[in-house]
Colleague: 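Structure provided below as structure tokens; questions to follow.
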Amino acid sequence: MKNADEEPEVKLTLGQYLASIRTDRGLSLREVERATEKIVSNAYLSQIETDQIKRPSPNILHALAELYAIPYEGLMERAGFVVPTRSRRNAEQRHGRIPTFADYNLTDEEEAKMVEFLGYLRSRKKPDGAG
């Protein structure tokens, strides 16, 4: 049961999510257009970020995932595309990336708390990147 003090989890739209990632990376709409070699025009990205376009093509999503270094499958899912499910990793398996806190030799409990705190921080970010 949730405490009354807990804030409900708010899931960002695809547009809000992409806008927050772009802002986090310090990129302007025009810089994204240049970096994707005009695969994603600044006007089109603006329409996606303002939710005027809710389901951009997989090619657009792939270009953005590559540029922002975020999972393509996650963008596809946010856009409403069916994504093949993968089997869940067990506690012994890792995600394959170099762990950020590898030198700290975190326990499973400490790692879970770090992930929980990261979720809290991300939930507190405003869609426009401020805060």
Side-chain angles (χ1 to χ4, degrees):
M1 190 166 145
K2 288 188 174 186
N3 293 336
D5 297 341
E6 287 185 36
E7 293 180 27
E9 184 179 339
V10 177
K11 184 161 175 137
L12 299 176
T13 66
L14 173 66
Q16 291 169 329
Y17 178 71
L18 287 172
S20 71
I21 297 292
R22 181 179 57 77
T23 302
D24 183 62
R25 302 296 189 264
L27 296 169
S28 70
L29 293 168
R30 291 193 187 280
E31 288 171 328
V32 171
E33 180 179 73
R34 280 192 293 275
T36 62
E37 297 177 349
K38 298 190 179 186
I39 291 172
V40 184
S41 75
N42 70 79
Y44 192 75
L45 182 56
S46 176
Q47 290 178 321
I48 295 170
E49 289 182 0
T50 57
D51 293 319
Q52 293 171 347
I53 296 173
K54 296 184 186 313
R55 195 170 176 161
S57 77
N59 291 341
I60 297 291
L61 295 175
H62 188 265
L64 293 171
E66 290 286 312
L67 176 62
Y68 297 159
I70 57 176
Y72 170 66
E73 293 83 6
L75 290 184
M76 291 288 287
E77 194 172 280
R78 282 181 185 267
F81 291 100
V82 176
V83 180
T85 57
R86 294 184 181 165
S87 61
R88 294 273 183 218
R89 294 185 295 263
N90 66 33
E92 301 301 315
Q93 294 173 315
R94 296 292 178 198
H95 48 68
R97 295 185 300 188
I98 298 171
T100 304
F101 292 97
D103 292 339
Y104 293 94
N105 197 21
L106 299 176
T107 65
D108 288 344
E109 183 179 321
E110 290 169 330
E111 185 177 349
K113 288 292 183 187
M114 292 294 291
V115 170
E116 182 180 325
F117 184 65
L118 178 61
Y120 166 77
L121 289 176
R122 288 181 174 169
S123 75
R124 305 283 298 169
K125 271 191 162 180
K126 295 189 177 21
D128 65 357

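What you see below is based on every heavy atom in this structure, not just the backbone, and it leaves out hydrogens, waters and symmetry mates. Model, not experiment: these values are computed from the prediction.
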Colleague: Any chance you could lay out the side-chain contact (heavy atoms from CB on, under 4.5 Å) test for I60 and I53, step after step, and finish with the verdict?
Modeller: CA-CA 12 Å; I60 297 291; I53 296 173; over 6 Å; no
Colleague: What pair of heavy atoms forms the shortest contact from N42 to R30, and how long is it?
Modeller: ND2-NH1, 3.2 Å
Colleague: Checking A63 now: which residues fulfil side-chain contact (heavy atoms from CB on, under 4.5 Å) with it, not counting sequence neighbours?
Modeller: T36, I39, V40
Colleague: Of all residues at least two apart in sequence or in a different chain, which pass the side-chain contact (heavy atoms from CB on, under 4.5 Å) check with E37?
Modeller: none
Colleague: How close do R78 and L12 get, heavy atom to heavy atom, and via which atoms?
Modeller: NH1-O, 2.9 Å
Colleague: Give me the atom names and distance for the closest heavy-atom approach of R25 to I70.
Modeller: NH2-CG2, 3.6 Å
Colleague: Any donor-acceptor pair under 3.5 Å linking the side chain of T23 with the backbone of A19?
Modeller: yes
Colleague: side-chain contact (heavy atoms from CB on, under 4.5 Å) with E31: which residues, sequence neighbours excluded?
Modeller: L27, S28, R34
Colleague: Is there side-chain contact between L64 and P56, with at least one heavy-atom pair below 4.5 Å?
Modeller: no
Colleague: Going by the side chain to side chain contact (heavy atoms under 4.5 Å, CB included) test, name the single residue among M76, E66, E73 that passes it with L61.
Modeller: M76
Colleague: Filter on ring-ring contact (aromatic ring centres under 6.0 Å, His included), then keep only pairs touching residues 17-70, sequence neighbours left out; what's left?
Modeller: H62-Y72
Colleague: Could you work out, with salt bridge (Lys or Arg N to Asp or Glu O under 4.0 Å) as the rule, every residue matching R22, not counting sequence neighbours?
Modeller: E49
Colleague: Filter on salt bridge (charged side-chain N to carboxylate O under 4.0 Å, His left out), then keep only pairs touching residues 50-61, sequence neighbours left out; what's left?
Modeller: none
